[in-house]
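I am attaching a structure below and will ask some questions about it afterwards.
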Amino acid sequence: MEISMQDITAAAAIAVHPLDPLTSEEIAAACGLVRAAAAAPDHCRFPIVRLEEPTKAELTAHAGGQVLPRKAFVVSLDIASGESVELVVDLGRAEIVDRKVVPNREAPYGQPPVTLEDFFRCDATVKADPGWRNAMRRRGLTDKDIELVQIDPFSSGFFDLPFERGARIVRAVSYFREHLQDNGYAHPIEGVVAVVDLIAGKVIDLTDEDPVIPIPRKKRNYGAHEVASPRTDIKPLNIEQPEGPSFTVNGWNVEWQKWSFRVGFTPREGLVLHQLGYQDGGRKRSIIHRASVTEMVVPYADPTANHFWKSAFDAGEYGLGALANALELGCDCLGNIHYFDVPAANSKGEPFVMKNAICMHEEDYGILWKHYEVRNGLFEVRRSRRLVVSFFATVGNYDYGFYWYLYQDGTIQLECKLTGIIQTAAVAPGATYPWGGMVDDNLGGPTHQHFFNARLHMDIDGGGNTGTEHEFVPRPWGRDNPHGNVFDTTSRVLSRERDAARVANGETGRYWKIANPNLTNSVGGAPGYKLVVNPSPLMLAQEGSFVRSRGGFATKHVWVTAFDPAEKYASGDYPNVHAGGDGLPRYAAQNRPIENTDIVVWHSFGHTHVCKPEDFPVMPVEYAGFMLKPVGFFSANAGFDVPVDRNARSVRSAHTPPAAPAGDTCCHKG
């Protein structure tokens, strides 16, 4: 595709706000410029194409009337040489204004993420390899069987082996299938791992273990047509909003119940919330400048050949946004829904639109507040409503939902939903599985952990912010505690980055507050929000292990760093085949001052999964997440002014005639 100067200038003029994601026209323009400047345009691929976001200061200038340049950040990959380059394209000037070669051939290495094109290349490479085909025959598969084998290209990890250093590789594991829709994870082929050099296009290392463990053959399929006796007693549940939703949408800008924010999207993080603020009386108050999930890692606890290296960094090595579901293919939300279509680039830099990638709707959430005063008969209750902004990403076998909730009382919540299919291991007949739980005949599920990291660029009432740590401690018996019932709340200022790499403590109720010390609230304190953490594990891999070094962000629950535009991701820029030591441990090691300044709060949280039969063939949703709650930010209950719900009514009894059906609003686009 040839891109003219006129096309590029027109593309740069389309977006209405500096934080709007790149349009399809801008993506085509940026990739066209990069391709034209490449040494070998036909070999040029695009693992990352996203908006180069303006800074807080630039956005302030824009609010004052200054026009900001539209810029694209592009990572190009030469699939013949393996060279990867970061480029910044000024779309208005039709010019590459910055170019930097990624030093992925030097320690500690690191590669751009695995692309869908890499998936297909890996499949073809493995199936053409004589050694791998022979390993399949040793397990009783015919040539016809081999063509149906499912190949899973898995990010390789790093163990300082010679073929890993500076290489663009994946490790591939295999699963037997009788037909294309057969659930391959019920039939793992144990003891066979191929290492594929994606640049050379060949298998460079092959594990083919003895003794051969038979392939489990029991079918465990999950398609609706496979369910012999589905439930028949589920009655319709209609979600109705006859007057439409309470939110308004203008492009990527959303306003709802005093909340306002801008929706963003990147290939790595997926959904991003920008400029999250709340209308408090006559002023709009900022809370978070930018919120997203920048990384998640899934380390496995099985030391055998098929599993010890598995530690996928699903954001940095694949891209949560790049693998987002198009919700037109299935209904993930209920109610009166607004969908956001997201422009994206394929690996060749060609734009396409991810239809319905982001889902937004309102939902009832029980009681907001209530009191029944028995002395005077005053009975007041208000129902809570929340706004839900979400997307789902499918990364190989697992599916992850990311749900941001906004509440009428000023609470912010992130809930991550984990579902999909577990990794599996073949177990010899009569043996037990020592590295996890048995999930079916001759089938084990390796124990593993999931760690997410949310990056919260805080902006409480603008200006400088400070983080503090608090916990509850019992006061010793004494004259000031004669009955032994007194306990105190401690407070400690997080003054430097090393002070702010912290672990949660449920026994003392440890929590963290982010406040603006330059302002005074209604009771003489600093307005702020507190981070409410849920019970969550930390990385259990041993100190000195490669996975612990590569996923160092998961060794602490909370980190606070000084804002640096170059420090975007909890695991660093390129965790794929990276030796480790990057990301949050490196950022915090600088020990910069973090009092009354522009700070970023990072929260690591997750789930340790010991597999069980109930997790197969498809795993019920597990939940992980956190809340941010106002603490002295408002002068009173921010949800006090929510009116009585005029549509609230009692549950209809079994003898009451049903209302006429209201129609299916499941996937209604508002």
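In what follows, residues are counted from 1 in the order of the sequence shown. Only a predicted model underlies this, so the values are computations on that prediction, with no experimental measurement involved.
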T424 (side chain) donor-acceptor with P188 (main chain) under 3.5 angstrom: no
Electrostatic pair E622:K417 at N-O distance under 4.0 angstrom: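 Between K417 and E622 there is no salt bridge, as every charged N stays at least 4.0 Å from the carboxylate O atoms.
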Flag, side chain of Y318 to backbone of S155, donor-acceptor distance under 3.5 Å: yes
C611: partners by disulfide (SG to SG under 2.5 Å), with sequence neighbours left out: none
K348 to F46 six-membered ring, cation-pi geometry met (6.0 Å, 45°): no
side-chain hydrogen bond (donor to acceptor under 3.5 Å, both in side chains) between W132 and S174, intermediate numbers included: CA-CA 10 Å; W132 178 85; S174 309; 3.1 Å; yes
Expected output: side-chain Y587 to main-chain Y569 donor-acceptor under 3.5 Å: yes
Neighbour count above 12 (heavy atom, 6.0 Å) for K612 NZ: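 Yes, the 6.0 Å shell around NZ holds more than 12 heavy atoms from other groups.
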Student check: side-chain heavy atoms of T294 and K568 closer than 4.5 Å: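 Result no, sub-4.5 Å side-chain heavy-atom pair not found.
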Residue pair S390, C333: steps toward the side-chain contact (heavy atoms from CB on, under 4.5 Å) verdict: CA-CA 9 Å; S390 65; C333 312; 4.2 Å; yes
Given F308, Y398, W309, the one that forms ring-ring contact (aromatic ring centres under 6.0 Å, His included) with F154: W309
E363 and L334, any side-chain heavy atoms less than 4.5 Å apart: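 Result no, sub-4.5 Å side-chain heavy-atom pair not found.
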Test side-chain contact (heavy atoms from CB on, under 4.5 Å) applied to K556 and V558, step by step: CA-CA 6 Å; K556 305 288 183 184; V558 173; over 6 Å; no
From CA spacing to verdict: salt bridge (charged side-chain N to carboxylate O under 4.0 Å, His left out), R45, D78: CA-CA 6 Å; R45 296 296 185 269; D78 188 312; over 6 Å; no
Polar contact flag, side-chain donor to acceptor under 3.5 angstrom, Y623-H607: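 No donor-acceptor contact under 3.5 Å links the two side chains.
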Rounded distance (nearest 0.5 Å) linking atom OH of Y403 with atom OH of Y405: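 Reported value, rounded in 0.5 Å steps: 6.5 Å.
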Single hit among L418, T419, D399 for side-chain contact (heavy atoms from CB on, under 4.5 Å) with V621: T419
T266-E269 side chain donor-acceptor pair, cut-off 3.5 Å: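 There is such a pair between these side chains.
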Worked check of side-chain contact (heavy atoms from CB on, under 4.5 Å) between N576 and R168: CA-CA 8 Å; N576 189 18; R168 185 167 177 79; 4.1 Å; yes
F340 side chain reached by N356 side chain, heavy atoms, under 4.5 Å: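 N356 vs F340: side chains apart.
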Criterion side-chain contact (heavy atoms from CB on, under 4.5 Å) on I422 and H609, from CA distance to verdict: CA-CA 10 Å; I422 60 172; H609 190 179; 3.7 Å; yes
No-hydrogen, no-angle side-chain donor-acceptor test under 3.5 Å, S571 and E295: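 Side-chain D/A pair, S571 to E295: present.
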Check: Y574 and F313 side chains under 4.5 Å, non-hydrogen atoms: no
N442 (side chain) donor-acceptor with P216 (main chain) under 3.5 angstrom: no
Chi angles and distances behind the salt bridge (charged side-chain N to carboxylate O under 4.0 Å, His left out) call for E147, R133: CA-CA 10 Å; E147 295 312 310; R133 295 183 75 88; 3.3 Å; yes
Side-chain heavy-atom pair D314, L320 within 4.5 angstrom cut-off: yes
Residue pair S292 / L456, side-chain heavy-atom distance below 4.5 Å: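 Contact flag for S292/L456 side chains = no.
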Side-chain (R138) to main-chain (N134) donor-acceptor, under 3.5 angstrom: no
Check: N325/T394 side-chain N/O donor and acceptor closer than 3.5 Å: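 Present: a donor and an acceptor within the cut-off.
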Spacing of R510 atom CZ and L531 atom CG [to the nearest 0.5 Å]: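 It comes to 12.5 Å.
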Gap separating the CZ atom of F120 from the OG atom of S347, nearest 0.5 angstrom: 9.5 Å
Main-chain N/O of H578 paired to R550 side chain as donor or acceptor, under 3.5 Å: yes
Expected output: side-chain R165 to main-chain D160 donor-acceptor under 3.5 Å: yes
Donor on one side chain, acceptor on other, W602 and T561, under 3.5 Å: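 Yes.
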Between Y185 and D152, a side-chain donor and acceptor under 3.5 Å: yes
Rounded distance [0.5 Å steps], CG in L116 versus CZ in R121: 11.5 Å
Derivation and outcome, salt bridge (charged side-chain N to carboxylate O under 4.0 Å, His left out), residues D341 and K355: CA-CA 5 Å; D341 298 338; K355 294 289 293 180; 3.0 Å; yes
More than 12 heavy atoms from other groups under 6.0 Å of CZ on F159: yes
N-O pairing of D145 and R177 below 4.0 Å: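 Between R177 and D145 there is no salt bridge, as every charged N stays at least 4.0 Å from the carboxylate O atoms.
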Non-hydrogen side-chain atoms of V600 and R455 separated by less than 4.5 Å: yes
Expected output: side-chain N306 to main-chain G191 donor-acceptor under 3.5 Å: yes
Donor-acceptor under 3.5 Å (H557 side chain, S536 main chain):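 Yes, the answer is positive, given that a donor and an acceptor are paired below the 3.5 Å cut-off.
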Residues D302 and H448: side-chain donor-acceptor under 3.5 angstrom: no
Over-ring placement of R386 relative to Y365, 6.0 Å and 45° cut-offs: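 Cation-pi check for R386 and Y365: passes.
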Non-hydrogen side-chain atoms of P620 and D615 separated by less than 4.5 Å: yes
Any donor-acceptor N/O pair, K127 side chain to V149 backbone, under 3.5 Å: yes
Aromatic centroids of F605 and F451 separated by under 6.0 Å: no
Rounded distance (nearest 0.5 Å) linking atom OG of S84 with atom CZ of R105: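 Spacing of OG (S84) from CZ (R105) equals 8.0 Å.
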Quick one: side chains of residues 218-226, donor-acceptor pairs under 3.5 Å with protein atoms, not counting sequence neighbours, listed by atom name and distance.
from, atom 1, to, atom 2, distance (Å)
K218, NZ, D440, OD1, 3.0
K219, NZ, E178, OE1, 3.2
R220, NH1, D440, OD2, 2.4
R220, NH2, F616, O, 3.1
N221, OD1, N183, N, 2.6
N221, ND2, D182, OD1, 3.4

Geometric class of the F402/F391 ring pair [parallel <30°, tilted 30-60°, perpendicular >60°]: parallel
T125 side, atom OG1; I204 side, atom CD1 - distance, nearest 0.5 Å: 11.5 Å
Distance-only donor-acceptor check, side chains Y300 and Q423, under 3.5 Å: no
